[in-house]
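Side-chain atoms are counted along with the backbone in the values below, which use heavy atoms only and exclude waters and symmetry mates. Quick note on labels: first sequence line is chain A, next is B, and so on, each numbered from 1.
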Number of protein chains: 2
Amino acid sequence: MEPFAYEKDCPGRQLLDRIGDAWSVLIVCSLADGDLRYTELAQRIPAVSPKMLTQTLRGLERDGLVTRTVHAVVPPRVDYALTALGRSLLGLVGGLLDWAETNITDVLKAREAYDSRI
Amino acid sequence: MEPFAYEKDCPGRQLLDRIGDAWSVLIVCSLADGDLRYTELAQRIPAVSPKMLTQTLRGLERDGLVTRTVHAVVPPRVDYALTALGRSLLGLVGGLLDWAETNITDVLKAREAYDSRI
DNA sequence: CCGTATCCGTTCCGATACTG
DNA sequence: CAGTATCGGAACGGATACGG
């Protein structure tokens, strides 16, 4: 882990930027169980603005993590789905969430201790 | 992964915020092989400003991921080290970096394809 | 040596209104 | 239904100067 290549814009940084983005993680997890339409995503993800939803979806699509399928019907219908690459991310995110749930009590305890000795 | 508790300030979000922070990851990885002093950290991490270094270290310390040991000598000497909790993060981060290295070429290809059809 | 304090440009993002 | 466009407040973070 020592002298790793961790420049700006290295692979690791780019992934971390995406993972660190709340909306990206929420979208990927929401799509875990199946395709969703734009409005369905908006409903599942609390308080996401259209701006951020679109912007994040474009980013995920650009990175090959999500596909966007437009059906030529009226009213318009657009489905979003995870790619194989996107699904492979689910395992990582799951691991993170597991770690978080396992260790959150320790973290909270540490914070309490830290804050109380100021 | 479906109806997971993902409110603002839930455990998962808090971890993701920390992981998504470039400086936090850099510091944790830098401490993987042993304790370091403030200045040593500053030297290893390219271009980190004193402000961000201190701020990030305080956050990591508060969360119980890093310890800060002040030696009562002149000139002052302050050592930073990972806690057991901090070391347990290394595995997660390693997994993320592995995924990133494995899949970066696919991501870059996807981006190229996306950008070229605009 | 190990920080803290301040200024200030930039970027982010929520709210809102509007369109094909 | 599925977005786009625009504005403005807030927050992030770099540079810099200084203090114990």
Side-chain angles (χ1 to χ4, degrees), chain A residues 6-9 13-14 16-27 30-31 34-63 66-81 114-115 117-118, chain B residues 6-9 13-14 16-28 30-31 34-63 66-81 114 117-118:
Chain A
Y6 203 83
E7 325 288 313
K8 209 160 87 76
D9 299 339
R13 182 88 295 274
Q14 294 185 48
L16 259 9
D17 283 345
R18 173 134 332 276
I19 290 284
D21 175 35
W23 303 128
S24 290
V25 177
L26 284 170
I27 289 173
S30 297
L31 292 174
D35 307 4
L36 290 175
R37 306 173 61 172
Y38 185 88
T39 317
E40 291 171 333
L41 279 169
Q43 286 164 355
R44 287 186 192 225
I45 299 175
V48 68
S49 65
K51 173 184 173 179
M52 288 317 293
L53 184 53
T54 301
Q55 183 175 308
T56 308
L57 283 168
R58 291 294 177 274
L60 292 169
E61 188 192 359
R62 188 169 106 97
D63 284 358
V66 157
T67 58
R68 175 174 180 271
T69 311
V70 182
H71 302 277
V73 296
V74 279
R77 175 190 183 96
V78 179
D79 286 325
Y80 291 94
Y114 184 93
D115 291 344
R117 66 168 176 69
I118 296 180
Chain B
Y6 204 82
E7 324 289 312
K8 205 159 88 76
D9 297 339
R13 182 88 297 273
Q14 295 185 48
L16 259 9
D17 284 343
R18 171 130 342 270
I19 291 282
D21 175 35
W23 305 128
S24 291
V25 176
L26 284 171
I27 289 174
V28 169
S30 297
L31 292 174
D35 308 4
L36 290 175
R37 304 173 62 172
Y38 185 88
T39 316
E40 291 172 333
L41 280 169
Q43 285 165 355
R44 285 187 193 226
I45 300 174
V48 66
S49 65
K51 173 184 173 179
M52 290 316 292
L53 183 53
T54 300
Q55 182 175 308
T56 309
L57 282 168
R58 292 294 176 275
L60 292 170
E61 189 191 359
R62 188 170 107 97
D63 284 357
V66 158
T67 58
R68 175 175 180 269
T69 310
V70 182
H71 301 278
V73 295
V74 279
R77 176 190 181 96
V78 179
D79 286 326
Y80 291 94
Y114 183 94
R117 66 169 176 67
I118 293 181

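- Across the helix from C/dC1-D/dG20 to C/dG20-D/dC1, the helix axis at one end is tilted relative to the axis at the other end by 50° (nearest 10 degrees, each axis from five pairs).
- Annotation: side chain of B/T69 is not in contact with side chain of B/V78 (no heavy-atom distance under 4.5 Å).
- For A/D17, the salt bridge (charged side-chain N to carboxylate O under 4.0 Å, His left out) partners at least two apart in sequence or on another chain are A/R13.
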Step-by-step side-chain contact (heavy atoms from CB on, under 4.5 Å) determination, B/L57 to B/W23: CA-CA 9 Å; B/L57 282 168; B/W23 305 128; over 6 Å; no

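- Across residues 72-80 of chain A, A/P75, A/P76, A/R77, A/V78, A/Y80 each have a non-hydrogen atom less than 4.0 Å from an atom of DNA chain D (numbered order).
- Contacts of A/R37 classified as side chain to side chain donor-acceptor pair (under 3.5 Å), with partners at least two apart in sequence or in another chain: none.
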Derivation of the side-chain contact (heavy atoms from CB on, under 4.5 Å) call for B/S30 and B/L41: CA-CA 7 Å; B/S30 297; B/L41 280 169; 4.0 Å; yes

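- Sorted by first and then second residue, the pairs that involve residues 66-77 of chain B and meet salt bridge (charged side-chain N to carboxylate O under 4.0 Å, His left out), not counting sequence neighbours, are B/R77-B/D79.
- Contact footprint of chain B on DNA chain D: nucleotides with an atom under 4.0 Å from a non-hydrogen protein atom, first to last in 5' to 3' order, D/dG13 to D/dG20.
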Derivation and outcome, side-chain contact (heavy atoms from CB on, under 4.5 Å), residues B/L36 and B/L31: CA-CA 7 Å; B/L36 290 175; B/L31 292 174; 3.8 Å; yes

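- The nearest whole Å value for the distance from the CD atom in B/E61 to the C1' atom in C/dC2 is 14 Å.
- Not counting sequence neighbours, B/S49 has no partner by the side chain to side chain donor-acceptor pair (under 3.5 Å) test.
- Atom CD in B/E40 sits about 11 Å away from atom P in C/dC1, given to the nearest Å.
- Atom P of nucleotide C/dG3 and atom CD1 of B/I27 are separated by 11 Å, given to the nearest angstrom.
- The side chain to side chain donor-acceptor pair (under 3.5 Å) search around A/T56 returns none, not counting sequence neighbours.
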Where protein sits on nucleotides 10-15 of chain C, one letter per nucleotide: B base, S sugar-phosphate only, - none, heavy atoms under 4.0 Å: ---BBB

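- With sequence neighbours left out, the side chain to side chain contact (heavy atoms under 4.5 Å, CB included) criterion links B/A42 to B/L53.
- Note on B/R37: a side-chain N or O is less than 4.0 Å away from OP1 or OP2 of C/dC2.
- Within 4.0 Å (heavy atoms only), A/T39 reaches sugar-phosphate atoms of the nucleic acid but no base atom.
- For A/Q14, the side chain to side chain donor-acceptor pair (under 3.5 Å) test picks out B/R111, with sequence neighbours left out.
- OP1 or OP2 of C/dG3 lies within a sub-4.0 Å distance of a side-chain N or O belonging to B/R58.
- Proximity of A/L60 to A/Y80: side-chain heavy atoms (C-beta onward) are nowhere separated by under 4.5 Å.
- Among residues two or more places apart in sequence or in another chain, the salt bridge (charged side-chain N to carboxylate O under 4.0 Å, His left out) test is passed with A/R58 by none.
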